[in-house]
Number of protein chains: 2
Amino acid sequence: MSRLPGRAPTAPPTLADVAERAGVSRQTVSNAVNNPDLLRADTLERVQLAIAELGYLPNRAARNLRTRASHLVGLRINAAQEGTANATMDRFVHSLVDASREAGYHVLLFTGDPLDPLTGYDDLLRSTAVDAFVVTDTYLGNPQASWLRERRAPFVAFGRPWDNPSATHPWVDVDGAAGCELATQHLLERGHRRIAWIGWRKDSWIGEDRRSGWHRAMKSRDLPTTGLASRVEDTVASGRGASEVLLDEAQPSAFVCASDTLAMGVLHTLADRGLVAGRDIAVVGFDDSQVAQVVRPGLTSVRQPLEEVAMEVVKGLEGLLGHPPAPGRGVLLTPTLAMRGSS
Amino acid sequence: MSRLPGRAPTAPPTLADVAERAGVSRQTVSNAVNNPDLLRADTLERVQLAIAELGYLPNRAARNLRTRASHLVGLRINAAQEGTANATMDRFVHSLVDASREAGYHVLLFTGDPLDPLTGYDDLLRSTAVDAFVVTDTYLGNPQASWLRERRAPFVAFGRPWDNPSATHPWVDVDGAAGCELATQHLLERGHRRIAWIGWRKDSWIGEDRRSGWHRAMKSRDLPTTGLASRVEDTVASGRGASEVLLDEAQPSAFVCASDTLAMGVLHTLADRGLVAGRDIAVVGFDDSQVAQVVRPGLTSVRQPLEEVAMEVVKGLEGLLGHPPAPGRGVLLTPTLAMRGSS
DNA sequence: CCTGACCTTTGGATCGATCCAGGCCGCCCG
DNA sequence: CGGGCGGCCTGGATCGATCCAAAGGTCAGG
């Protein structure tokens, strides 16, 4: 064959191979791929035929080198902390990979020291391995955001810039307050009046945001909230402890929780006391995790629209990486309520 | 500055920049990075200083182009099926990303049509976007394996080549039979004699493998197994149904299940009947999922050593991609038992 | 003092794509 | 009839690294 001399027989075909087969120049083949409308119709057809016959696909490395773009987005996943919001992350990753593919991007995963939110970003950036990042762990405050902005690294955040509302980077977030308001209203419609809140410690912006939804719903009906709220760590044991205290001291008929983990704690307390979730006491969680779906009698839970989040994130990326780059602002999405036996 | 003319001020430094600063040629810098022992000590030091001062890191695209390697491994994740083995996959992905990093690889995610196990692989391969694949969904049988081998694409499988024991590709798997044997023995030690099995339908190799562990343990003590086994779909409802029938017809005092999902079904049945898991009836699941950890009273479960699996997978990759490529064979790892209240 | 082997360093070619400037051709219009 | 213009296509240069062959220097041995 008329392949260049030193190529292994299994090496994928190159532009030059296609060009030779179609009887045109390399540049014409390149145009057929990237700017088809520059070619005369019959030439285009001839080139496309050759492409198809050879099974040609542009070599990524070469294209990346020349265009200074990798078509990869980096996503840092936290070292498996075996517990909390992992399930949410998992769903998000799936959605992101899907949404990215449609925009011509692939997702590159990396990890870093959980205590240092910056590890990993720098190397990928300096070696031009990715075009942009998707930043997810903004609940820590987000040093990444300002750090990345300083280096002019394009990124989109899943999570609001809580600590800096005037930040100008694009972000997408789910309205946790609206979600908890939805949950609380749902309970109000079912006739509950003393609805307790179990959330996270006060230094969590997300936790306070979600709490505000519960608070808003209660206030809209002039219902009391004092003594009905508790703020603890995000563990099953904490949820259990908090619900015991609340049951003893405030006699709520329902609980809204900042997470499914806490809600599981409530379910444990109820079972301990011979109370039936959904009949005696209602419980609503947050995240619609696996657990919520399989636990008895099914845990009603606020479900984040992660597929939409991923789509919006990708839109943000396209804006940043497009020509010309579009600035892009924040997007806030509203969650839904997955109803099950616990309410 | 003495940068090449048309470079943007934010562009990362190149080999040429470092070379100029250190007063050596490009090749010498390249050697400093890739073959330090070729340089005289003082030259090396000077070059390394320049590298550090400029914060130089080799451009990935350029290196990839020249070396015909991307240092990326592709991992296909199934379209979110929102349920079953997802949690396991999540843990595995984390571990794989970690293990890969230490070997200098990054993980590239992609998805495909869940019904067609081949979509996605081809494009990545032809565009030389990845060096190798990690294949996980071998429970479907593995058309990928033979397909990839045909195209001389390096890959390592997580999962045995059930349908073709003579396959020569490297693989890593967890000994499900040993896991279930462990679980059964644990129950035997606790005095149980009538131990029931709830597993998957007979066409699942993994399911039959796990079942054989239970069977082996029972037979080692000459205990009967007839009437004590059930094979159903992998859903909570199926587990519930199967356990109801078994309780009525075979009076087991314990259940070993092929998955945590099925075990959850058993827990539901017990609760329905006012029986207490762990006190009245023991239950053991498989996968040590999130659910097993938070459900009441804690579900004893077989835990796959996914961190080790990932390390072995990466070893396999290094073997395949090394010089010279090492053939590599199968590796079978033994799971452990995470004990909780249900047994 | 010369030769050859060895150690260190160098310049040019190369990977496979895209950018850029320019060439060819046919057509319109002065 | 000739210049100009737009449509289509081409060859050379380029992205930033590594491969390769060979140059310059040092040193031992003849």
Side-chain angles (χ1 to χ4, degrees), chain A residues 3-8 11-48 50-51 54-71 126-129 131 323, chain B residues 3-8 11-48 50-51 54-71 126-129 131 323:
Chain A
R3 280 266 179 95
L4 297 167
R7 307 274 301 294
T14 72
L15 251 188
D17 296 326
V18 177
E20 189 185 355
R21 179 167 195 122
V24 296
S25 71
R26 300 187 325 271
Q27 184 58 43
T28 299
V29 179
S30 176
N31 285 335
V33 173
N34 300 307
N35 298 84
D37 40 334
L38 287 181
L39 301 202
R40 212 172 44 209
D42 63 328
T43 311
L44 178 58
E45 195 176 348
R46 197 151 36 97
V47 174
Q48 285 177 331
I51 289 178
L54 292 176
Y56 168 76
L57 230 54
N59 178 302
R60 284 295 239 267
R63 170 178 280 185
N64 292 350
L65 174 59
R66 184 67 243 218
T67 61
R68 300 168 169 287
S70 66
H71 288 274
R126 292 216 314 266
S127 62
T128 59
D131 291 346
H323 302 289
Chain B
R3 281 267 181 92
L4 297 167
R7 307 274 301 294
T14 71
L15 251 190
D17 296 325
V18 177
E20 189 185 355
R21 178 166 196 124
V24 296
S25 71
R26 302 187 324 271
Q27 183 58 40
T28 300
V29 179
S30 177
N31 285 336
V33 174
N34 299 307
N35 298 84
D37 41 332
L38 287 182
L39 300 202
R40 212 171 45 207
D42 61 327
T43 310
L44 178 59
E45 197 176 344
R46 197 153 36 96
V47 174
Q48 285 176 333
I51 289 178
L54 293 176
Y56 168 75
L57 230 54
N59 178 302
R60 284 290 240 270
R63 171 177 278 185
N64 293 350
L65 173 59
R66 185 68 243 222
T67 63
R68 301 169 169 286
S70 66
H71 288 274
R126 291 214 317 264
S127 61
T128 58
D131 292 345
H323 304 287

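The chains referred to below are lettered A, B, ... by the order of the sequence lines, with proteins before strands, and numbering in each begins at 1.
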* To do: Please confirm whether the backbone N or O of B/His71 pairs with a side-chain atom of B/Asp131, one donor and one acceptor, at under 3.5 Å?
  => yes
Can you check the [X] [atom1] to [N] [atom2] distance for me, whole Å?
X	N	atom1	atom2	result
A/Glu20	D/dT10	CD	C1'	16 Å
B/Asn59	C/dA17	CG	P	17 Å
B/Asn31	D/dA17	CG	P	14 Å
B/Arg60	C/dG16	CZ	C1'	19 Å
B/Leu39	D/dT18	CG	P	13 Å
B/Leu38	C/dC7	CG	C1'	10 Å
A/Gln27	C/dG16	CD	P	17 Å
B/Arg68	C/dG16	CZ	C1'	9 Å

* **Base C/dT14 to side chain B/Arg66, donor-acceptor N/O within 3.5 Å cut-off** => yes
* **Donor-acceptor pair present, A/Arg26 side chain and C/dT18 base, under 3.5 Å** => yes
* Under 4.0 angstrom, heavy atoms only, what part of the nucleic acid is B/Thr28 near: base, sugar-phosphate, or nothing? -> base
* Structure fact -> With sequence neighbours left out, the residues meeting salt bridge (Lys or Arg N to Asp or Glu O under 4.0 Å) with A/Asp37 are none
* Going by atom types only, do B/Asn59 and A/Thr128 share a side-chain donor-acceptor pair under 3.5 Å? -> yes
* When you get a sec, tell me which of C/dG11, C/dT18, D/dC15 is the closest nucleotide to the side chain of A/Asn34? => C/dT18
* Structure fact -> Of the candidates C/dA17, D/dG16, D/dT10, the side chain of B/Ala62 sits closest to D/dG16
* Test side chain to side chain contact (heavy atoms under 4.5 Å, CB included) applied to B/Thr43 and B/Val24, step by step -> CA-CA 9 Å; B/Thr43 310; B/Val24 296; 4.2 Å; yes
* Asked: Given that B/Val29 and A/Leu65 both sit by DNA chain D, which one's nearest nucleotide is further toward the 5' end?
  -> A/Leu65
